[in-house]
Amino acid sequence: MSSAAAAATTTVAPLRHRSKSNPLNGKHPNGANQILDPTMGTPKKSDGLINGGSKASFMTWTVRDVVHVARHHWIPCVFAVGLLFFMGVEYTLRMIPANSQPFDLGFVATRSFHRVLASSPELNTVLAALNTVFVGMQTTYILWTWLVEGRPRATISALFMFTCRGILGYSTQLPLPKEFLGSGVDFPVGNVSFFLFFSGHVAGSVIASLDMRRMQRWGLAAIFDVLNILQAVRLLGTRGHYTIDLAVGVGAGVLFDSLAGKYEEMSKRKIGMASSTSFKDSLLS
């Protein structure tokens, strides 16, 4: 194990408070046999009835463990509170009637911006043109990484993402908002139809930004992130996307970048195995 990996493992807090005792070879200082729980980082006595004679995990919890989790793992605790909160929301929220437009919190937040764009078509056109330029920047960078730098990961990620977007967008076709403000210079150029779910604009920008970070192009990545945020606000203001389209676009960019990385690793392993086999065959022939 490298020193960096060893340092990383020592900085992660266990889910349970570690006892000051140091079990050695499965023996506890008081002489009782112990079963180590690698996921929780604490020994368990073997006098229970679950998992080969050990107690159920929750039966070994103490107040000290709860305090430890709250201090060192507060992020999952926040999400646990969120789970409980939205369970209450889900059981009390009234559904939107079938004859009504979908409710979108992003539309509510950008209501004043929408009024400005609706009253100024020229401004809407300028912003649409700038957005199209930004899409061109994303496309140029993603293709550049493959065609010029010889790194296909971002391009593979974009291919995965847009194919999935096409399948999902066609499978469930969301209604275009009544307040949609289109423009002939917006992408796709010509004010043609497009899939609402999910946002390819946002996902493409995330894919480019992640690649920039891998190459330590921090300044360029920060510029793309800021432009992506402005792009999302404009899309909400023009009602060109629902909030969920933008949120899933971010997740899709991260997901397909990860899948493209796994595809590259798998391809390299296959090529390495094939090369090794060919080398062995040449020695035996």
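This chain uses plain numbering: 1 for the first residue, then up along the sequence.
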Do [X] and [Y] sit in one hydrophobic cluster, given that two such residues count as connected whenever their side-chain heavy atoms are within less than 4.5 Å of each other, even indirectly?
X	Y	answer
V81	L84	no
L220	V133	yes
W146	I156	no
L210	L259	yes
L176	L246	yes

Enter the distance from [X]:[atom1] to [Y]:[atom2] here, rounded to the nearest 0.5 Å.
X	Y	atom1	atom2	value
H201	T132	NE2	OG1	6.5 Å
F194	D186	CZ	CG	7.5 Å
F134	T139	CZ	OG1	10.0 Å
I244	L105	CD1	CG	12.5 Å
F79	W74	CZ	CH2	9.0 Å
L127	L230	CG	CG	9.5 Å

Ignoring hydrogens, what is the shortest heavy-atom contact between [X] and [Y]? Give both atom names and the distance.
X	Y	answer
I142	A208	CG1-CB, 4.3 Å
S100	I96	CB-CG2, 3.8 Å
N124	T238	OD1-CG2, 3.5 Å
G200	M161	O-CE, 4.1 Å
Q101	K178	OE1-N, 3.4 Å
R239	F180	O-CD1, 3.5 Å

Test side-chain contact (heavy atoms from CB on, under 4.5 Å) on F224 and M137; report intermediate values, then the result. CA-CA 9 Å; F224 261 60; M137 291 167 58; 3.9 Å; yes
In terms of the angle between their ring planes, are F256 and F198 parallel, tilted or perpendicular, with boundaries placed at 30° and 60°?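 Taking F198 first and then F256, their aromatic rings lie parallel (interplane angle under 30°).
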Anything under 30° is parallel, anything over 60° is perpendicular, the rest tilted; go ahead and classify F58 against W61. perpendicular
Min side-chain heavy-atom separation [X]-[Y] under 4.5 Å:
X	Y	value
Q138	I207	no
F107	H114	no
Y242	P177	yes
V69	C77	yes
T145	R153	no
D245	L174	yes
F197	T172	no
L235	S199	yes

If we ignore hydrogens and angles and just use 3.5 Å, is the side chain of [X] paired with the main-chain N or O of [Y] as donor and acceptor?
X	Y	value
T163	L159	yes
S209	S205	no
S119	R115	yes
S183	T125	no

side-chain contact (heavy atoms from CB on, under 4.5 Å) for L236 and H241? Distances and angles first, verdict last. CA-CA 6 Å; L236 289 173; H241 272 297; 5.7 Å; no
Which residues pass the ring-ring contact (aromatic ring centres under 6.0 Å, His included) test with F162, sequence neighbours left out?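 With sequence neighbours excluded, F162 shows a ring-ring contact (aromatic ring centres under 6.0 Å, His included) to no residue whatsoever.
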Check the pair W218 / Q216 against side-chain contact (heavy atoms from CB on, under 4.5 Å), numbers first and verdict last. CA-CA 5 Å; W218 308 113; Q216 298 185 356; 3.7 Å; yes
Check the pair F103, V108 against side-chain contact (heavy atoms from CB on, under 4.5 Å), reporting the backbone distance first and the verdict last. CA-CA 9 Å; F103 171 80; V108 176; 3.9 Å; yes
Would you check, one step at a time, whether the test side-chain hydrogen bond (donor to acceptor under 3.5 Å, both in side chains) holds for T243 with D104? CA-CA 7 Å; T243 302; D104 193 292; 2.4 Å; yes
With a 6.0 Å cut-off (strictly less than), is the heavy-atom count around CE of M266, excluding the residue itself, greater than 12? yes
Not counting sequence neighbours, list each pair that qualifies as a salt bridge (charged side-chain N to carboxylate O under 4.0 Å, His left out) and has a residue in residues 205-229.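 Qualifying pairs: E149-R217, R151-D211, D211-R214, R213-D225, R214-D257.
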